[in-house]
Every structure is written in structure tokens, then in C-alpha cells.
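Counting starts at 1 for both ligands and their atoms, following the listed order. Here the structure is a predicted model, which is why all the values come from computation and not from measurement.
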Amino acid sequence: MAGGKLQAPRGTFDVLPEDAFARGLLRKRSEELLEHAGYQPAETPIFEDTGLFARGVGESTDIVQKEMFTFEDMGGRSLTLRPENTAGICRAYVEHGMHKLPQPVKLWSWGPFFRHEAPQAGRYRQFTQLNVEALGSDDPSLDAELIILLAQVLEQSGVRTRLLLSSLGNAGTRAEYGEDLRAYLRARDAWLSDEVRSRIDTNPLRAFDSDHEGTRAAMAEAPHLIDRLEPEDSMHFSEVRALLDEAGCAYELDPTLVRGLDYYTRTVFEFESPDLGAQSGVGGGGRYDGLVEKLGGPPTPGVGWAAGVERILLASQGMGWTALLPVRAYVVVPKAECRSLAFRLVQALRDAGALAEMEQAGRSVKGQMKQADRIKADYVVIAGDSLEVKDMATGDQREVSSLEDAVSAVTG
Ligand code: AMP
């Protein structure tokens with residue numbers, strides 16, 4: 001490092017103003033949508049005890065086996081930068097006795113997550129997620145509500161998607177099915193990739209996610225969990241589907257949909273975007289009815305999703321986030337004596353809802369007009385001996401008689 005060029009670490013990025021604006025707007029609109037549906041904001045720490053993720057996400061998952069940023073603090077504790085949101089939220093639910101609150105507890109959050117993956121377009125080591133979790137009810141209307149909310153977040157961001165949907169049943173069905181799938185995989189051992197073969201015992205379901213040709217061929221005839229759901233789980237899934245159908249929310253059933261975390265039960269879903277290339281998953285989630293109990297709490301059903309903020313913005317190219325800015329005004333100060341008038345005018349413009357700035361860098365009047373162009377001002381107000389308002393789109397310039405008139409000329 002000594003003397004070397006300083007750069008952001010591999011797989012991370014700086015958010016510069018243009019992107020920050022789009023991110024802020026995405027956050028604001030999502031927040032409005034979620035709060036209208038009764039979801040409240042909540043935040044958990046960015047690092048947690050490593051054991052939380054090992055227990056919560058699952059020892060055999062890619063995330064826990066190879067993607068966590070884990071470190072020891074000065075007290076010798078093993079901590080991990082959070083790779084996902086659900087385990088932390090469930091920990092908080094238990095720690096704060098939230099099962100005593102009226103159920104379901106509906107929470108949303110936005111923040112950074114960390115996974116040590118090979119960086120590529122749309123895949124980073126620090127990325128941002130919008131997360132929604134609903135705990136304390138297994139009502140199918142929650143599954144449907146959550147899926148529709150994510151569809152709406154994506155739709156209002158101009159992201160084209162397709163929605164894949166499946167059900168993983170309960171832990172018992174999944175365990176039994178896992179045994180059968182292991183036997184199926186062992187019988188086709190020679191076709192499989194080394195990675196899939198080495199995980200037959202720990203995580204056979206992931207074989208469905210493999211890109212390896214032999215594995216894919218071997219999986220073509222594999223049994224599907226969705227064909228073995230118990231009546232109660234099957235009924236739950238039918239109800240979720242009926243609610244989505246009634247709401248006109250289109251989906252494709254995908255019996256091979258396997259999410260990369262161990263805690264899922266019943267409904268699982270993923271939104272893919274055709275505009276994202278290899279990293280096509282833009283958001284996904286599902287039910288995790290056993291997780292709270294696994295983390296030491298009372299038996300508590302839960303359902304949630306995570307959407308990648310960077311991927312939403314990548315897939316929403318052409319959305320024109322900047323077109324949504326309020327009217328922008330630039331106040332030109334022709335001479336130093338006019339500074340306090342200009343300052344008052346800027347305050348009044350801002351109070352009236354305009355985005356207003358004034359000259360603050362000692363430019364000539366010509367330089368100030370250039371600056372107004374640069375910031376794409378809709379109006380310039382020249383605060384000199386007289387007050388003049390120039391409409392930058394038409395080029396019309398007219399004198400106004402008071403500060404209030406200048407404000408209405410800009411905001412009216
Ligand atoms: P997951 O829980 O793995 O499905 O992640 C949920 C969402 O987070 C994904 O659909 C992506 O949009 C986003 N995401 C996950 N991992 C990354 C990453 N390494 N870089 C950027 N976004 C990611």
C-alpha cells in the first residue's frame with residue numbers, strides 16, 4: 001500500500017451525486033409504497049456475531065462457506081459484516097420480544113450488505129438492499145402482498161421483469177425430498193460437476209442452480225419438491241397463487257427455483273430482469289417459518305424479500321430519474337451590494353418549493369450565466385438594481401417588481 005495509488009477496494013464503488021440522486025429517489029418512492037402497506041422502518045447493525053449467520057443462513061450455503069467478511073474484534077469475538085438481512089431482523093425480533101406486539105410485525109429497511117463474490121457487472125462485494133420482512137403470521141395474503149409490493153417497486157422504477165414462483169413445503173418434506181434427491185444425484189455421480197458432487201450431502205438442492213452442462217443434463221429428470229407438498233402446504237401455495245391471480249400479478253411456476261439460503265419454507269420467489277445479463281436476479285425472497293425458532297425465539301412464521309438497489313438502477317436505465325426534479329432556479333448576483341437581496345431571494349424560492357442556488361464563487365455575470373446553463377437551470381433571476389427573470393427554455397426575459405413576483409414567476 002505504501003506510496004501506491006489509493007482506490008476503493010475491489011468490488012466496491014463510490015456513489016457520486018448523479019447516482020446518489022437516483023438512489024435517494026428510489027428509496028423515497030419505495031418507502032412511500034411500503035409505509036402505505038403498513039411496513040415500518042427498522043435497522044439492525046451492519047456487523048453481527050458470526051454464529052448468527054452460521055445458524056440462520058445455514059452452514060452449507062455458499063454465503064456462509066465462502067462469501068462472508070468475517071473478522072475478529074479486539075476482544076477476540078468473531079464478527080461478520082452482514083451478508084443478508086433476515087437473520088439480523090429475526091435476532092432483533094427475539095431480542096426485543098416482538099412476539100408480544102400485535103402480529104404481524106411488518107418492517108422495511110435499506111442498507112449495505114457484504115459478500116465476498118467475484119465482482120462483475122451487477123455483482124459487488126458491498127451492495128445495497130431494500131428489504132421487507134413480515135413476522136408472526138403465516139397468512140397467505142402476506143406472501144401475496146409482499147410479492148405485489150416488490151412488483152410495484154420494480155414497476156415504478158421502470159424495470160422489466162419476470163416473476164418466478166415456487167413452494168418448498170415444510171422442513172419435514174424438504175428433508176425427505178433431500179434424501180431422495182441425494183440418491184438421485186449419487187446414481188448420476190459421473191455427470192455432475194465437482195462442486196455439485198462435493199455438496200450432495202450438505203446441499204443437494206443447489207444442483208438445480210448449476211450452469212455445468214453435465215449437471216444440467218442430469219437434473220432434467222430430477223424429482224421436484226413441489227410435486228410432494230403436504231396438503232396444508234399445497235393449500236397455502238394455492239391460496240397465494242389465487243391472490244396473485246386476482247390481483248393480476250403474472251408469474252411463472254418454476255419447480256427448480258432454489259434460493260441460496262437454507263431457511264426458506266413454503267413460498268419462494270424471484271424477480272429476474274432480461275436487461276441485467278448474467279446477474280439477472282433483481283430481487284427475491286420467500287417464507288422462513290422456522291427461522292425465529294432456530295434462533296432461540298418462539299415458533300414464529302415469517303416472510304420477506306430483498307431487492308438489490310444497484311441492480312434496480314442498472315435495469316432501469318432510461319427511466320430518466322433526473323426528469324423528476326423540481327423547478328431549478330439560479331440567482332445571478334451582478335455586483336457585491338446585491339448579495340443580501342440575492343440571498344433572501346434564494347431562501348424565498350426554496351421556501352416556495354423551487355430548487356434554488358445563487359452565485360457563490362466570484363464569477364463575472366457572463367460566467368454566472370454559463371454556470372446557470374451548466375446546472376441546467378430552468379430560470380435565472382438577475383438580482384441587480386432591478387429584478388429580472390429569464391426563462392431558459394424560451395429565452396424570454398422580463399422585469400418583475402418585487403421579490404414575491406420573482407418567486408411566482410419561477411414557481412407559478
Ligand atoms: P439474495 O438474497 O442472494 O437473492 O439477494 C437478494 C438481492 O440482492 C438479489 O436479487 C440482488 O439484486 C442483490 N444482490 C445479491 N448479491 C449481490 C451482489 N453481490 N451484488 C449486488 N447485488 C446483489
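- Inclusion of Gly284 in the set of residues having an N or O under 3.5 Å from an N or O of ligand 1 is not warranted.
- Between Gln103 and Met98, the shortest heavy-atom distance links the atoms NE2-O, 2.9 Å.
- Put simply, the residue from Arg55, Arg91, Arg82 that forms a salt bridge (Lys or Arg N to Asp or Glu O under 4.0 Å) with Glu48 is Arg91.
- Residue Glu310 has no nitrogen or oxygen atom sitting less than 3.5 Å from a nitrogen or oxygen atom of ligand 1, judged on distance alone.
- In this structure, the side chains of Met68 and Arg115 stay at 4.5 Å or more apart for every pair of heavy atoms.
- With hydrogens and angles left out, the side-chain atoms of Arg266 and Tyr288 include no donor and acceptor closer than 3.5 Å.
- Polar contact check, Phe127 against ligand 1: no nitrogen or oxygen pair lies under 3.5 Å apart.
- Aromatic ring centroids of Tyr124 and Phe13 lie under 6.0 Å apart.
- Assignment of Glu84 to the shell around ligand 1 is not supported, since no heavy atom sits closer than 4.0 Å.
- Distances between N or O atoms of Glu270 and those of ligand 1 include no value under 3.5 Å.
- Partners of Asp73 under the salt bridge (Lys or Arg N to Asp or Glu O under 4.0 Å) rule, at least two apart in sequence or in another chain, are Arg77.
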Please tabulate, for side-chain N and O atoms in residues 219-230, each donor-acceptor pair with protein atoms closer than 3.5 Å (sequence neighbours left out).
from	atom 1	to	atom 2	distance (Å)
Arg228	NH1	Asp180	OD2	2.5
Arg228	NH2	Asp180	OD2	3.4

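- Within ligand 1, counting atoms from 1 as listed, the ones closer than 4.0 Å to a heavy atom of Gly281 are 9 (C), 10 (O), 11 (C), 12 (O).
- Within the 4.0 Å heavy-atom cutoff, Arg123 counts among the residues contacting ligand 1.
- With a 4.0 Å heavy-atom cut-off, ligand 1 is reached by the backbone of Val282 but not by any atom from C-beta on.
- A salt bridge links Glu145 and Lys106; the closest N-O separation between the charged side-chain nitrogens and carboxylate oxygens is under 4.0 Å.
- The only option from Asp62, Asp209, Asp194 that meets the salt bridge (Lys or Arg N to Asp or Glu O under 4.0 Å) definition with Arg199 turns out to be Asp62.
- If you check each of Gln129, His116, Glu117 against atom 5 (O) of ligand 1, the one with the closest non-hydrogen atom is Gln129.
- The ligand atoms of ligand 1 that sit less than 4.0 angstrom from a heavy atom of Gly122 are 20 (N), 21 (C), 22 (N).
- Close contacts of ligand 1 with Arg115, meaning ligand atoms under 4.0 Å from a residue heavy atom, involve 1 (P), 2 (O), 3 (O), 5 (O), 15 (C), 16 (N).
- Listed by number with element, the atoms of ligand 1 under 4.0 angstrom from any heavy atom of Ala306 are 6 (C), 7 (C).
- If you look at Tyr124 next to ligand 1, the close heavy atoms, those under 4.0 Å, come from the backbone and the side chain alike.
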